[in-house]
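Numbered from 1 within each chain, the chains take letters A, B, ... in sequence-line order.
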Protein chains: 2
Amino acid sequence: MSGSGISRATTGRLPEYLTYVKSLPRDIRFVSATAIAKGLELGEVQVRKDLSAVCGKGKPKIGYDRDVLLYSLETALDTRSGCEAVIVGAGKLGKALLGFGGFSDYGISIGKAFDIRNDEGSPDVLPIEELPSYCSLHQIGIGIICVPPDAAQEAADLLVKSGVRAIWCFAPVSLKLPETVKVQYENLALSLAHLHQKVKSIH
Amino acid sequence: MSGSGISRATTGRLPEYLTYVKSLPRDIRFVSATAIAKGLELGEVQVRKDLSAVCGKGKPKIGYDRDVLLYSLETALDTRSGCEAVIVGAGKLGKALLGFGGFSDYGISIGKAFDIRNDEGSPDVLPIEELPSYCSLHQIGIGIICVPPDAAQEAADLLVKSGVRAIWCFAPVSLKLPETVKVQYENLALSLAHLHQKVKSIH
């Protein structure tokens with residue numbers, strides 16, 4: 001994306017546009033910025049600006065050719081080149097993510113999970129000791145932490161040593177990481193609690 | 001929470017404070033707004049305002065008594081009274097959420113998943129036909145959608161008919177719902193794609 005002139009904020013919204021365009025019924029040939037803005041509950045001005053940065057202007061009164069827009073979004077997101085992530089922690093959540101097909105839409109594959117144990121003998125779960133060599137060999141950029149909170153920092157340290165540049169952390173902790181490593185926390189319990197609060201506040 | 005004078009924005013941040021306070025080592029008796037702000041990467045003024053709405057002012061130079069703050073947060077969040085949610089779709093993700101213990105921190109339990117099939121004969125997976133009666137009997141307020149995208153709207157319709165007031169949707173779709181039903185989308189693939197974008201933009 002470097003030098004492409006697409007802002008970080010726009011880049012951050014591209015996966016949403018891509019999901020939306022992909023979700024359109026197959027017989028739809030054209031899609032307007034207005035329809036996308038409505039479907040994603042975003043401001044129309046913002047959507048026009050974002051799409052224009054990626055795909056130029058749409059045709060007046062018709063919108064964007066769906067296939068052209070799809071191609072432009074995929075190119076901008078670089079989903080064609082691909083990226084592999086690894087999981088640390090092969091419990092229920094780790095295994096669910098390992099088998100979750102949705103990531104491939106974004107050019108990301110999750111091939112293996114690493115754990116201290118592998119009770120079911122799954123071929124996709126490897127001993128944690130093999131993490132550094134696997135990451136090095138496969139040039140892994142992203143590590144996903146699915147271990148319990150008290151093991152999360154240790155898992156993060158090992159991932160950093162193994163050369164990952166980004167960590168997606170499902171454990172409810174605050175990790176200490178080098179500034180060069182990006183981290184994104186995913187707290188599912190917190191998300192559900194937020195929703196619960198919203199419902200409560202109605203009554 | 002009605003009439004408690006706690007704003008929606010503050011309420012939305014309470015689970016974060018609760019998680020943070022719970023994560024403190026057991027031997028820590030007092031915690032300051034400054035430390036919480038730093039730990040959660042929030043503005044200190046905001047944290048002071050939020051905590052003050054829930055638990056009054058802390059002691060000067062010492063902060064809040066950890067147990068008092070914990071109790072105040074739990075009371076405000078109503079985690080002591082409890083709430084049960086159900087899952088529609090007992091695939092890998094649904095089963096992972098079913099066995100995920102983290103929700104209990106927020107007073108939310110997930111007892112059962114409903115599906116059209118139950119290959120493994122799990123006692124916590126019930127036939128989808130039983131969803132309405134189960135929801136009615138147990139006064140279920142939240143439904144969690146873990147079915148494939150093309151089955152998500154049907155699942156949502158059934159949950160609405162069954163009386164849920166909120167839907168947490170893991171399928172990458174836009175649901176059509178009555179205005180009275182709150183919805184929160186959780187797109188794990190999108191989250192990972194966002195992280196991937198962040199890393200790419202460094203290089």
Side-chain angles (χ1 to χ4, degrees), chain A residues 1-2 8 11-12 14-16 18-20 23 39-41 77-79 83 85 91-100 102-108 141-142 144 149 165-168 172-174 180 182-184 186-203, chain B residues 1-2 8 11-12 14-16 18-20 23 39-41 77-79 83 85 91-100 102-108 141-142 144 149 165-168 172-174 180 182-184 186-203:
Chain A
M1 302 289 296
S2 49
R8 279 180 77 91
T11 301
L14 295 187
E16 274 193 88
L18 183 57
T19 304
Y20 182 82
S23 76
L40 293 173
E41 294 180 10
L77 276 169
D78 199 20
T79 54
C83 157
K92 283 191 179 182
L93 182 63
K95 279 191 190 134
L97 293 177
L98 195 57
F100 186 56
F103 299 121
S104 62
D105 287 348
Y106 299 91
I108 302 168
I142 300 178
I144 304 172
R165 304 195 315 271
I167 287 177
W168 194 24
V173 295
S174 282
T180 50
K182 295 271 174 190
V183 62
Q184 184 165 296
E186 200 79 36
N187 190 330
L188 293 177
L190 201 65
S191 297
L192 183 54
H194 272 133
L195 181 61
H196 178 45
Q197 281 298 109
K198 278 193 217 166
V199 178
K200 272 181 27 182
S201 64
I202 302 171
H203 297 265
Chain B
M1 301 292 294
S2 50
R8 279 181 77 92
T11 301
L14 295 188
E16 274 193 88
L18 183 58
T19 303
Y20 182 82
S23 77
L40 294 173
E41 294 180 11
L77 275 169
D78 200 19
T79 55
C83 157
K92 283 191 181 185
L93 182 62
K95 279 191 189 130
L97 293 177
L98 195 58
F100 186 54
F103 299 122
S104 61
D105 287 348
Y106 299 90
I108 302 168
I142 300 178
I144 304 172
R165 304 196 313 270
I167 287 176
W168 195 25
V173 294
S174 282
T180 50
K182 295 271 173 189
V183 62
Q184 185 165 294
E186 200 80 34
N187 190 330
L188 293 176
L190 200 65
S191 297
L192 184 54
H194 273 131
L195 181 61
H196 179 43
Q197 281 297 110
K198 278 192 218 167
V199 179
K200 274 181 26 183
S201 63
I202 302 172
H203 298 266

Heavy-atom nearest pair, A:Pro172 first then B:Thr19, reads CB-CG2, 4.1 Å
Closest heavy-atom pair, A:His196 versus B:Cys83, reported as atoms and distance to 0.1 Å, is CE1-CB, 3.6 Å
One should read off an interatomic distance between B:Asn187 CG and A:Glu16 CD, to the nearest 0.5 angstrom, of 8.5 Å
Do B:Leu192 and A:Leu97 come close enough that some side-chain heavy atom pair is under 4.5 Å?
no
Between A:Ser191 and B:Gln184, the two heavy atoms sitting closest are O-NE2, 2.7 Å
Would the distance check show the side chain of B:Glu186 and the main-chain N or O of A:Leu188 forming a donor-acceptor pair, the cut-off being under 3.5 Å? no
So, the part of A:Val173 with a heavy atom under 4.5 Å from chain B: the answer is neither
Whatever's closer than 4.5 Å to a heavy atom in chain B on A:Ile144 counts as side chain
The interface call for B:Ile142 against chain A, heavy-atom contacts under 4.5 Å, is side chain
Ranked by heavy-atom pairs below 4.5 Å to chain B, first place among A:Ser23, A:Ala85, A:Ala96 goes to A:Ala96
Of the listed B:Phe100, B:Trp168, B:Tyr20, the one with the largest count of heavy-atom pairs under 4.5 Å with chain A is B:Trp168
